[in-house]
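The chains referred to below are lettered A, B, ... by the order of the sequence lines, with proteins before strands, and numbering in each begins at 1.
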Number of protein chains: 2
Amino acid sequence: MNIGEIARRSGVSPSTVSYALSGKRAVSEATRQRIQAVIDELGYRPNAAARALREGRTRTIGLVIPPARGRLTFMQLDFVAGVMDAAARADLDVLLSPSGGDHDRSFERITTEHRVDGVILMEIRLDDPRVTRLQRLNLPFVTIGRTARPEGMSWIDVDFAALIGRCVDHLADLGHRHIALINRSAELIASGYGPACRAHEGFVAATTRRGVEGFEYPCADDAQAGEACVEAILRSRPDVTAAATVNEAALPGVQRALMRSGLQVPRGFSIAGVAARFWAEQFHPTLTAADLPAQEMAATAVDFLTERIADPDAAPKQHLLVPPISLRDSTGPAPAPR
Amino acid sequence: MNIGEIARRSGVSPSTVSYALSGKRAVSEATRQRIQAVIDELGYRPNAAARALREGRTRTIGLVIPPARGRLTFMQLDFVAGVMDAAARADLDVLLSPSGGDHDRSFERITTEHRVDGVILMEIRLDDPRVTRLQRLNLPFVTIGRTARPEGMSWIDVDFAALIGRCVDHLADLGHRHIALINRSAELIASGYGPACRAHEGFVAATTRRGVEGFEYPCADDAQAGEACVEAILRSRPDVTAAATVNEAALPGVQRALMRSGLQVPRGFSIAGVAARFWAEQFHPTLTAADLPAQEMAATAVDFLTERIADPDAAPKQHLLVPPISLRDSTGPAPAPR
DNA sequence: TTGTAAGCGTTATCAT
DNA sequence: ATGATAACGCTTACAA
């Protein structure tokens, strides 16, 4: 079933069918209807490969996600879902490529064989070989997170430094004077992973600025680590009355440890963080947190990408988000010292 | 950069380049090396659209996931990750299509425009219009879960009835005589959603067979519902000493309610379930559960699909999994009646 | 208002 | 062992 067959059965030329479909040339209403009738009857749809070959674009974008090994965070999942959504709205298909820092087959395939018109790169590192690769290939791309030199490219990022600053401000305003930061894992920080590093910087800056004492604790991305981390905080720093966190995966364990310690939240201990809304609401009591706007980021990313695809020479765009903190039930006035 | 350019620079014809690359015709070692050198120098990769047009296949499979609205369960996520993995190993790309029961643009596009060679359909309903659609289109597909009449097609499913039966057996063996089932939501059951319906059937069968009392509780897919559900069980049925569950998303709430009730698990209350290993291990204490083998299912699904693509007339394959129950820390002997 | 034809980059059939 | 060439199905300049 191809355009020629439709043309034959409608008694017109292939080009007329093409134009009837695209509307790029006037077609008399009578023939248009005749063609449409045949198309409906046979259920014809133009072949994507032929169209891609001819037009030089695939109407498909690539979404490069972290490899399956490490489980995706909810924030990342929400982002993926958001990209699917935004792409669907723009009638774009999404080719998923799980790939780590170095090039792997899937990443190479979709980028070099012209399977996609552009790429959204998640979880980039400060110095990311894939970015260089895409630049060399001259393939439009947008990154989630910034590289070390993000000037000339399109990216969207969350200002973790500012957000942790706001958490500290909020807690200090409530009278807390000894505040812990539950950060991501030590390895992640050491490897220069943006969100973790910037959380650190923001925490140091804010505690200094506010004149409160800050204690930073690295924590792996799982419930067990969160539990151990809170136990460590309570044991080593009995003067700490509040914590800020960017580690959403640790939250279930954080909650468990607090529950078991007998401390009431927020009466005995306050906690504020940066997390996907899902985790904030699963927390008990619900977590005062800057909700990561994954949907918005995804929509913006698709937007930026389609712009770059349409006009590769236009100035790249950047967007640094600072979502507001949603006040929920996990923060309150500092208790009397324990 | 195309095959003609490579041919010119190597001083051979395009067909020779093609054959050098595919190995489908003998090419003298000398010219092969010359060609390879040029290819390496220029970084040439064949254009996927041209190849797809010519060969009539895309080397891409479609993965139809539930729409972004409802969040995916961990089981589903693991499955998606597993498909990506298996597809990557087979050098296949994966086009993601979030689509509900009725046809939507994305599903229509990838299936009718020949963007994919075949489709994996997740979360099908007992009577699913997409299945009929794919059959009519004559596009190879594999379903996860069975329709009402699954005979003539390839599918992979988990035997929830048998698994819940095993949970009940295990609990009955431990002396429990009053057992609750925390099922999925009432709506899901009413709509004929396979896993929920079969959990129900398996529970009725097993409690009858073992001569124990069974109480079924529907429960929405979130922590709050899980919490409320356990509270309802403890309140309305004080004689219940154990529960079986297929609702992994409710587990965090189940745990919270048990913790708050003061019941020790497993000393005062036992719980066994069917869940992704992630949830089982996040549970506290770790959950005795049949771990859903998402990876294996995904690998099998890709396998079945590639078989159907290679030979559409071969007999369809089916695979009904009954993974073993992993004994962890949430089940123990029945306590004295409360 | 419509038709003709070239060409997108491959692969595979026929020659040589 | 290699080359010429005809498709694959579509879009779009160019003609009429």
Side-chain angles (χ1 to χ4, degrees), chain A residues 1-36 38-39 42-60 91 93 109-117 137 139, chain B residues 1-36 38-39 42-60 91 93 109-117 137 139:
Chain A
M1 184 48 40
N2 58 29
I3 201 171
E5 180 68 18
I6 302 296
R8 205 166 314 117
R9 300 213 192 196
S10 328
V12 296
S13 77
S15 58
T16 301
V17 176
S18 177
Y19 286 122
L21 244 27
S22 70
K24 291 185 182 173
R25 185 167 89 173
V27 173
S28 80
E29 186 56 21
T31 51
R32 223 219 74 243
Q33 289 193 358
R34 196 147 32 89
I35 292 169
Q36 191 58 52
V38 175
I39 285 178
L42 301 192
Y44 164 78
R45 299 293 307 273
N47 179 295
R51 179 180 272 176
L53 178 56
R54 168 67 221 221
E55 293 191 323
R57 65 189 177 122
T58 59
R59 299 160 191 261
T60 303
D91 278 332
D93 282 322
R109 211 171 33 228
I110 72 167
T111 52
T112 59
E113 295 180 357
H114 295 106
R115 287 180 117 90
V116 296
D117 298 333
L137 287 169
L139 189 67
Chain B
M1 183 49 40
N2 59 30
I3 201 170
E5 181 68 19
I6 302 298
R8 204 167 313 117
R9 301 214 192 194
S10 327
V12 295
S13 75
S15 55
T16 301
V17 176
S18 177
Y19 285 120
L21 243 27
S22 69
K24 290 184 183 174
R25 185 167 92 173
V27 172
S28 81
E29 186 54 23
T31 52
R32 224 218 74 244
Q33 289 192 359
R34 196 147 32 88
I35 291 169
Q36 191 58 53
V38 175
I39 286 177
L42 300 193
Y44 162 78
R45 299 293 307 272
N47 178 295
R51 180 181 269 179
L53 178 57
R54 168 67 221 212
E55 293 192 320
R57 62 185 180 129
T58 58
R59 298 162 191 263
T60 303
D91 278 332
D93 282 323
R109 211 170 34 229
I110 72 167
T111 54
T112 61
E113 295 181 357
H114 295 105
R115 286 180 117 90
V116 297
D117 297 334
L137 288 169
L139 189 67

**Report entry** Step-by-step side-chain contact (heavy atoms from CB on, under 4.5 Å) determination, A:L21 to A:I39
**Finding:** CA-CA 10 Å; A:L21 244 27; A:I39 285 178; 3.5 Å; yes
Query raised in the report: Is there a side-chain contact (heavy atoms from CB on, under 4.5 Å) between A:Y44 and B:T112 once you walk through the steps?
Result: CA-CA 8 Å; A:Y44 164 78; B:T112 61; over 6 Å; no
Report task. Before giving the answer on salt bridge (Lys or Arg N to Asp or Glu O under 4.0 Å), spell out for B:D93 and A:R109 the whole-Å C-alpha distance, their side-chain angles and the decisive distance to 0.1 Å. Result -> CA-CA 9 Å; B:D93 282 323; A:R109 211 171 33 228; 2.9 Å; yes
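In this structure, the side chain of B:T16 does not engage the main chain of B:V12 through any donor-acceptor pair within 3.5 Å. A donor-acceptor distance shorter than 3.5 angstrom exists from the side chain of A:S10 to the backbone of A:I6, with no hydrogens or angles considered. Side chain of B:D117 to main chain of B:R57: no donor-acceptor pair is present (N/O by atom type, distance under 3.5 Å, no hydrogens or angles). Formation of a donor-acceptor pair under 3.5 Å by the A:R32 side chain with backbone atoms of A:V27 is not found in this model. Judged by distance alone, the side chain of B:S22 and the main-chain N or O of B:S18 form a donor-acceptor pair under 3.5 Å. At least one donor-acceptor pair under 3.5 Å links the side chain of B:T60 to the backbone N or O of B:T58.
Side-chain contact between A:L42 and A:R9 is present, with at least one heavy-atom pair separated by less than 4.5 Å.
When each of B:S13 and B:A50 is assigned the nucleotide of DNA chain D bearing its nearest heavy atom, the one mapping closer to the 5' terminus is B:S13. Two residues, A:S18 and B:A26, neighbour DNA chain D, and the one matched to the more 5' nucleotide by heavy-atom proximity is B:A26.
Residue A:S28 is in sugar-phosphate contact alone, with no base atom involved, counting any heavy-atom pair closer than 4.0 Å across all strands shown. Across all strands shown, A:S15 has heavy atoms under 4.0 Å from base atoms, whether or not it also approaches the sugar-phosphate. At the heavy-atom level, B:S22 lies nowhere under 4.0 Å from the strands shown.
Heavy-atom contacts of chain A under 4.0 Å fall on DNA chain D between two terminal nucleotides, which in 5' to 3' order are D:dG9 to D:dC14. In summary, contact between chain A and DNA chain C, defined as any nucleotide atom under 4.0 Å from a heavy atom of the protein, begins and ends at C:dT1 to C:dG9 in the 5' to 3' direction.
For DNA chain C, each stem of at least three Watson-Crick or G-U pairs (distances under 3.5 Å) is given as range with range: C:1-16 with D:1-16.
Applying side-chain hydrogen bond (donor to acceptor under 3.5 Å, both in side chains) to B:E113 and the options A:R51, A:R59, A:R45 leaves one that passes, A:R45.
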